[in-house]
2 protein chains.
Amino acid sequence: MKRNSRLSLALHTLSHMAGSPGRVRTSSDIAEHAGTNPVVVRRVLGKLREAGLLTSEKGHAGGWRLAREPQNITLADVYLALDERMVATNEASETPACSVEHALQERVSGVLEEIEESLVKRLGETSISEVRGG
Amino acid sequence: MKRNSRLSLALHTLSHMAGSPGRVRTSSDIAEHAGTNPVVVRRVLGKLREAGLLTSEKGHAGGWRLAREPQNITLADVYLALDERMVATNEASETPACSVEHALQERVSGVLEEIEESLVKRLGETSISEVRGG
DNA sequence: AGTAAAGCAACTGGAAAAGTTACGTATGAC
DNA sequence: GTCATACGTAACTTTTCCAGTTGCTTTACT
Ligand code: FES
Ligand code: FES
């Protein structure tokens, strides 16, 4: 799979599940559908479970299920659940650096935070059920 | 050096140079100052030269110099010169995919493009001379 | 008991980026 | 004219990040 694909995998899977909410799916099924590996699926969906978007059950007839109405799960929820930040934050450099570099960091970080915020806001305007035309 | 450091290196160097514009610096000096390698510096600054932000001269007493007044070089100029895009665009997936996935791509890509645009706009509001309190 | 699922930890492999080495080319000093 | 110096570039090496994989454990249903 390609780089930074966790978000793609998560969104794809949730959108798919939004089609028949309540239905249980195994990580193997999901992996096959998404062209990847069950363990990778569990890793990603595990994050979504921690965020309260999904539930999982072990054992026979276990699997994954939406924890909420698909209308109540936004793209931002998914984005935030995987704690990647798309707007690459060049986080505090190891060496504190001089005043010039410090000022630079401040300025750039400030802008990036703003941008990140507006990204989340925009993503929050769409639910996973809307995406599939539902 | 850490990942995705090209922008950091470029901004740091230009901000530094904005302190005494007109002065020539060698890639060795810059590399030493930034804690990296002259070849890496030349790679990064080469991009800035292509974008018309810097000039370089070979030979004895050669080196790098700002091509414009530091007031006329914005953070956006630098960002765009290195053609990385910070807002990770999950570009068209190899397999065209079904309608659900397609709709998803459309939606997300649209938002990301918007965000990228506003990032550049915001970065364009600050010049490298402002950053150093000049 | 047996089977099927998630959970988890550790290892493997490939790709991207930084870093390095080596050599060519241009330019000013002498 | 020669030499030192600096950029330009290509090729190679090293590092780092992640997806992918394997193997084992735990849980729950039949
Ligand atoms: S460390 Fe201050 S300008 Fe470079
Ligand atoms: S929902 Fe997965 S390919 Fe269409």
Side-chain angles (χ1 to χ4, degrees), chain A residues 1-13 17 23-51 53-67 82-86 88-91 93-95, chain B residues 1-13 17 23-51 53-67 82-86 88-91 93-95:
Chain A
M1 219 181 205
K2 65 183 186 302
R3 191 156 204 167
N4 198 11
S5 62
R6 293 198 288 266
L7 182 60
S8 298
L9 174 57
L11 287 176
H12 177 188
T13 302
M17 292 175 84
R23 175 170 156 205
V24 172
R25 293 163 208 256
T26 68
S27 50
S28 294
D29 291 346
I30 296 169
E32 193 176 0
H33 181 81
T36 183
N37 186 291
V39 178
V40 174
V41 170
R42 288 199 285 264
R43 278 207 283 248
V44 172
L45 299 195
K47 288 283 196 178
L48 302 184
R49 184 191 51 219
E50 289 171 20
L53 306 182
L54 287 175
T55 58
S56 65
E57 279 165 48
K58 288 183 172 182
H60 213 120
W64 300 84
R65 197 191 311 257
L66 291 178
L82 318 171
D83 38 2
E84 312 167 355
R85 292 295 171 263
M86 266 195 167
T89 56
N90 34 355
E91 72 286 340
S93 56
E94 54 287 351
T95 42
Chain B
M1 219 180 204
K2 64 182 185 302
R3 189 154 206 170
N4 198 11
S5 62
R6 292 200 289 266
L7 183 59
S8 298
L9 174 57
L11 288 176
H12 177 188
T13 302
M17 292 176 85
R23 177 172 155 203
V24 171
R25 293 162 209 258
T26 68
S27 50
S28 295
D29 291 346
I30 296 169
E32 192 176 2
H33 181 82
T36 182
N37 186 291
V39 178
V40 175
V41 170
R42 288 199 287 265
R43 279 208 283 247
V44 172
L45 298 195
K47 287 283 196 179
L48 303 184
R49 185 191 49 220
E50 289 171 20
L53 307 182
L54 288 175
T55 59
S56 66
E57 280 166 47
K58 287 183 171 181
H60 213 118
W64 300 85
R65 195 192 311 258
L66 291 179
L82 319 171
D83 37 2
E84 312 166 354
R85 292 294 171 261
M86 266 192 169
T89 56
N90 36 355
E91 71 286 340
S93 57
E94 53 287 351
T95 42

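To find a chain, count down the sequence lines: A is the first, B the second, and so on, and within it residues start at 1.
Along DNA chain C, the nucleotide closest to Glu84(B) and the one closest to Glu57(B) are compared, and the more 5′ of them pairs with Glu84(B).
A sub-4.0 Å separation between OP1 or OP2 of dC7(D) and a side-chain N or O of Ser56(B) is absent. OP1 or OP2 of dG20(D) has at least one side-chain nitrogen or oxygen of Thr36(A) nearer than 4.0 Å. The phosphate of dA6(C) (OP1 or OP2) has a side-chain N or O of Ser27(A) nearer than 4.0 angstrom.
Between Asn37(B) atom CG and dC7(D) atom C1' the separation is 14 Å, expressed in whole Å.
Residue Glu84(B) places its CD atom among more than 12 non-hydrogen atoms of other residues, nucleotides or ligands, all under 6.0 Å distant.
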Distances under 3.5 Å between nitrogen or oxygen atoms of protein and nucleotides 8-10 of chain C:
none

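The two residues Ala31(B) and Pro38(B) make their nearest non-hydrogen contact at CB-N, 3.4 Å. Scanning all heavy atoms of the two residues, the minimum distance from Thr55(B) to Arg49(B) falls at CA-CG, 4.4 Å.
Between Ile30(B) and Thr36(B) the shortest side-chain heavy-atom distance does not fall below 4.5 Å.
Listed nucleotides dA6(C), dA19(D), dG19(C) differ in distance to Ser5(A); the shortest reach to its side chain belongs to dA19(D).
Residues from residues 58-65 of chain B with heavy atoms under 4.0 angstrom of DNA chain D, sorted by number: Lys58(B), Gly59(B), His60(B), Gly62(B), Gly63(B), Trp64(B).
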